[in-house]
Each structure stands twice: as structure tokens, then as C-alpha cells.
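Let me begin by presenting the structure, written as C-alpha cells, before commenting on it.
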Amino acid sequence: PEPEPMNFIAVIILAALLLDFGLNLAADLLNLSRLEKELPPEFADVYDPDRYEKSQEYLKVNTRFGWITGSVDLLALLIFWFAGGFAFLDGWVRGLGHGPVVSGLIFIGVLLAAKTLFSLPFDIYSTFVIEERFGFNRTTPATFVIDRVKGFLLGILLGGPLLAAILWFFAYAGGAAWLYCWIAATLYLLGVQYVAPNWIMPLFNKYEPLEEGELRSAIIEYAESEDFPLTNVFVMDGSRRSDKPNAFFTGFGRNKRVALFDTLISELNVAELVAVLAHEIGHYKKKHILQSLIIGICHMGVTFFLLSLFLTYEPLFSAFYVKTPSVYAGLLFFGLLLAPIDLFLGIFISMLSRRNEHGADRFAVRTTKRPGAMAQALKKLAAKSLSNLFPHPFYVFLHYSHPPLKRRLERIEAEGRKES
């Protein structure tokens, strides 16, 4: 039989998908229009003209590749949707005769596996063609495959039980199911944060304690001056996959971990590395990590409550041509319905993140008393990663979790003048 006409829920979801695609396309076009041919004088010490031109070409290539992947993803979703793919899969799963939990795991598992396989060629091209062309890729085919296998197995071992619990609560726990799901998801999130540094992250990278020497002494001395309990600093073999440098802070309690990429250590001097570490400690001291955690937990609570209202809402299911409501299909369809809210929430979170990055920069300048080291570190990292020096404000508004480099440098310079 012919699919039924779209109802108002389908129209809302379709409009949201097209709006998201259109906004991203507009932001990309504006971003490309801002490219400047001349190398700014303030970056001449870290960029030469050839590398500056290479950074612009890197942006163009990734933007065009993003158009292809985004268009193909959207087209595939629309074809699957309007060809009755969700209804067909739902009918097949129901025909297996399992209960709501097992049926849900199969339904969502099949879709996730299909999405992963569908995206695989694009991941391969990005890694082994684009990143290779611009000198970043160090991932071997074996490492690429092993990473995907490990990620798949972790998804089953960690994500599977949580999904099963959510399906069970909504199927059997009645009106308070959303609350139980919220509690379970919160405990899961906190548990992963606690065990990730020691159990999950080492599955993908090696973490070696920073060896004794000038850098370790400078870092420990700085941490002690800020009353930051730092028993160790780790060096991560980031060069195993990419030439791009980075540093991060993760975990909490006794399991918190500061990690410096080996590629970062090879690019920066001691003062610059201490400044980068001070920035990461600033996030901790300013409670930015706790703030993000609380926002995430609150967002989960609201999402589960709204989900509980829509799980028996027949128009949500008929929008995807599914005749009989189910918890597992409702989870997926509600996620698509929630896309417009998540779009605006993502913009708000990015704004907050950019503000926090300025705060961490300010903390680093005030505590190290070396604004020049912080500024030079950021400039070197930008040059090494071929960052876009002049992103369009609208692109920043939609996508940037960090402020544009030029804005960060201006703030650091102003903060340095205050401190001097």
C-alpha cells in the first residue's frame, strides 16, 4: 500500500532537518567568504605564506567534503523514512516474537550498525585521503580497524545495558519510568567519568607518566602553587593517529587525569606547556567541568520526562508510518522530534563553552604571569593544526566551542596588561 500523507509531526521533523541543513550550508558559505589571502602580520612568526595558504585549502577541502557527507546522510535518512524503512524494520522485529527489551535492542542495534557501515567509507576517505594529503594522518589501516572494533564492543558492553534498562523501565515501571531512567543514566554517566581514565582510555592509547626533567618539575611546581592535587601528568601517544597536538583533563576524584599529547610536547617549550596545563587546570578550578556535567544531567532529566509524554502519542509513530507504538521506536522518533530543541541547546552550550574558554585563558594568564607564553602556545597550535584564523561570526555562533584565535589573543593581551 501507498504510504499515508505526512502528518503535522512529520512536517515539523522534516522542517527541522532541512533547517539544520540550510543553516549549516549558509554558515559554511559565509565562512569561506571570509578567507583573506594575505597573511596577518601578527601570525608571521608561526605561519609562513605557504602554510597559511595550506590552512585555507584545508578549510575548503573539509567544507566541501562536509557538504557531500551531510547531503548523503540527509538523503539516505529521507529515502529510508519515506520508503517505509522504519515500518518495515519494526514489522520484522515484531515478527521475531521477543519482548520489548530484546526487540528494542535489535531494532536500535540494527539501525546503529547500518549507520556505522554507511558512514565507514566517509571515515576512511577523511582519514586516509584528506588528513593524509595535509600531513596529519598517522593512523595505519590496522589501527583504524582495531579502533572501530574496540568502539563497537565497548558500545555493546557499556551502552547495551543502559539501553536495556531504559527500555525495561518504560515498558514496565509505569508513570515514574522517566525518573528511574534519569537516575540510571546519571549513575551511568558518573560511573563512566570515574572509570574512563583508568579503564577505557588506555584501550585506545598509551599513557606514560611524564619523565623526570625540567618540564615535569615546572608542571609540579605550578600545580602545587595553585593547590591543585596533581600526583602525575601523563603523555599520550597522540602521534599514533594524528600529527595534531592537544591536551585534556578528564575524570574526577582520585581518578582525574591530565594528559599531554606527545605531539604537543614536541611543538611547545616548557613555559608554553605550563601555560596550556594552567588553562586545563583553570577549567577544573572554575568548575567548568562540573558545570557541564550538571547541565548534561539536567538535560537528560528533561529529555526523559518529555519522552514519557510522547511514547504513547500515536501521531509520532504514524509520522514514520509505524502502526503500533513501541518504546524502542518511540525513543528513536522522539530523538528526531527533539532535533530543533537540541539545535538551540547546542548553540547555548557552545556559547557557554566559549565563555569558559576565555575564563580558563584568564586563569592561566593570572596564575602563570606569562601572557606571552599562553598566546604563543595558541598561535603555534593553530599553525600546526591549520586552523582558520578568520571564521565568520555566524559559523562561530553555530559551531565553535572555543573562541576564534584572534579574539582569544586580544583577551589574553588585555589580561596581561592588567596583570603587569
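Atoms considered below: every heavy atom in the structure, side chains included; atoms not considered: hydrogens, waters and symmetry mates.
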Determine whether a donor-acceptor pair (N or O, by modelled atom type, separation under 3.5 Å) exists between the side chain of [X] and the backbone of [Y].
| X | Y | value |
| --- | --- | --- |
| Arg354 | Val396 | yes |
| Ser353 | Ile349 | no |
| Arg51 | Ala383 | yes |
| Ser126 | Phe122 | no |
| Thr69 | Gly66 | yes |
| Ser308 | Phe305 | yes |
| Asn205 | Met236 | no |
| Asn31 | His392 | yes |

Do [X] and [Y] make a side-chain contact, defined as non-hydrogen atoms from C-beta onward lying under 4.5 Å apart?
| X | Y | result |
| --- | --- | --- |
| Asn356 | Gln291 | yes |
| Leu120 | Thr116 | no |
| Val46 | Gln376 | yes |
| Met351 | Arg355 | no |
| Asp123 | Phe144 | yes |
| Phe234 | Glu208 | no |
| Leu378 | Ile412 | yes |
| Trp168 | Val327 | no |

To the closest 0.5 Å, what do you measure between [atom1] ([X]) and [atom2] ([Y])?
| X | Y | atom1 | atom2 | result |
| --- | --- | --- | --- | --- |
| Ile13 | Leu338 | CD1 | CG | 10.0 Å |
| Asp28 | Lys60 | CG | NZ | 14.0 Å |
| Leu264 | Ser239 | CG | OG | 12.0 Å |
| Leu25 | Asp20 | CG | CG | 11.0 Å |
| Leu336 | Phe334 | CG | CZ | 11.0 Å |
| Leu268 | Leu273 | CG | CG | 4.5 Å |

Heavy-atom pair of closest approach, residues [X] and [Y]:
| X | Y | result |
| --- | --- | --- |
| Leu405 | Ala382 | CD2-CB, 3.4 Å |
| Trp182 | Cys298 | CZ2-CA, 4.5 Å |
| Met300 | Ala185 | SD-CB, 3.7 Å |
| Ala373 | Ala275 | C-CB, 4.2 Å |

**Q.** Intermediate values then yes/no, salt bridge (charged side-chain N to carboxylate O under 4.0 Å, His left out), Glu357 and Arg411
**A.** CA-CA 11 Å; Glu357 291 300 325; Arg411 291 280 191 93; over 6 Å; no
State plainly whether the residues [X] and [Y] are in salt-bridge range, i.e. N to O under 4.0 Å.
| X | Y | answer |
| --- | --- | --- |
| Lys380 | Glu267 | no |
| Lys384 | Asp243 | yes |
| Asp50 | Lys54 | no |
| Arg408 | Asp361 | yes |
| Asp262 | Arg240 | no |

Output, in order, the C-alpha distance, side-chain angles, deciding distance and verdict of salt bridge (charged side-chain N to carboxylate O under 4.0 Å, His left out) for Lys244 and Glu131. CA-CA 10 Å; Lys244 293 180 180 178; Glu131 295 296 291; 3.5 Å; yes
Whether the Ser318 and Asn7 side chains hold a donor-acceptor pair (N or O, under 3.5 Å, no angle test) is what I'd like checked.
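Yes.
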Review point. Among side-chain atoms of Thr143 and Thr140, is any donor-acceptor pair under 3.5 angstrom?
Key: yes
| task | Count the heavy atoms belonging to other residues, nucleotides or ligands that lie under 6.0 Å from OH of Tyr125, then report whether that count exceeds 12. | result |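 For Tyr125, atom OH is not crowded (no more than 12 foreign heavy atoms under 6.0 Å).
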| So does Lys206 have more than 12 non-hydrogen atoms from other groups sitting under 6.0 Å from NZ? | no
Fill in: Worked check of side-chain hydrogen bond (donor to acceptor under 3.5 Å, both in side chains) between Glu53 and Tyr47
CA-CA 9 Å; Glu53 183 179 352; Tyr47 273 96; over 6 Å; no
**Report entry** With Trp81, the ring-ring contact (aromatic ring centres under 6.0 Å, His included) member among Phe86, Phe320, Phe333
**Finding:**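 That would be Phe320.
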*Could you go step by step and tell me if Trp178 and Phe169 meet the side chain to side chain contact (heavy atoms under 4.5 Å, CB included) rule?*
CA-CA 8 Å; Trp178 72 271; Phe169 284 133; over 6 Å; no
(message) What verdict does the side chain to side chain contact (heavy atoms under 4.5 Å, CB included) test give for Tyr52 and Phe43, after you've listed the backbone C-alpha separation in whole Å, the side-chain angles of each residue and the deciding distance to 0.1 Å?
(response) CA-CA 9 Å; Tyr52 181 62; Phe43 295 101; over 6 Å; no
- Verify whether the ring centers belonging to Tyr180 and Phe170 lie closer than 6.0 Å. no
Check whether the ring centres of Tyr313 and Phe310 lie less than 6.0 Å apart, and answer yes or no.
-> yes
**Report entry** ring-ring contact (aromatic ring centres under 6.0 Å, His included) pairs, two or more places apart, involving residues 90-119
**Finding:**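 Qualifying pairs: Phe107-Tyr328.
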- Query: After noting the C-alpha distance and the side-chain angles of Glu132 and Asn137, does the key distance pass the side-chain hydrogen bond (donor to acceptor under 3.5 Å, both in side chains) rule?
  - Reply: CA-CA 5 Å; Glu132 186 77 29; Asn137 180 51; 2.8 Å; yes
Kindly determine whether His399 and Asn24 satisfy side-chain hydrogen bond (donor to acceptor under 3.5 Å, both in side chains), including the steps that lead there.
-> CA-CA 9 Å; His399 297 296; Asn24 282 290; 2.9 Å; yes
Test side chain to side chain contact (heavy atoms under 4.5 Å, CB included) on Gln56 and Asn388 and set out the steps.
CA-CA 7 Å; Gln56 296 188 328; Asn388 180 17; over 6 Å; no
| Test log, rule salt bridge (charged side-chain N to carboxylate O under 4.0 Å, His left out), inputs Glu42 and Lys379 | CA-CA 10 Å; Glu42 62 267 35; Lys379 289 165 67 176; over 6 Å; no
(request) Let me see the working for Leu331 and Leu163 under side chain to side chain contact (heavy atoms under 4.5 Å, CB included), right down to the final yes or no. (result) CA-CA 10 Å; Leu331 281 172; Leu163 176 58; 4.0 Å; yes
Margin query: Under the criterion salt bridge (charged side-chain N to carboxylate O under 4.0 Å, His left out), I'd like the reasoning laid out for Glu211 against Arg216: C-alpha separation, chi angles, the key distance, then a yes or no.
Written below: CA-CA 7 Å; Glu211 62 184 18; Arg216 179 181 172 83; over 6 Å; no
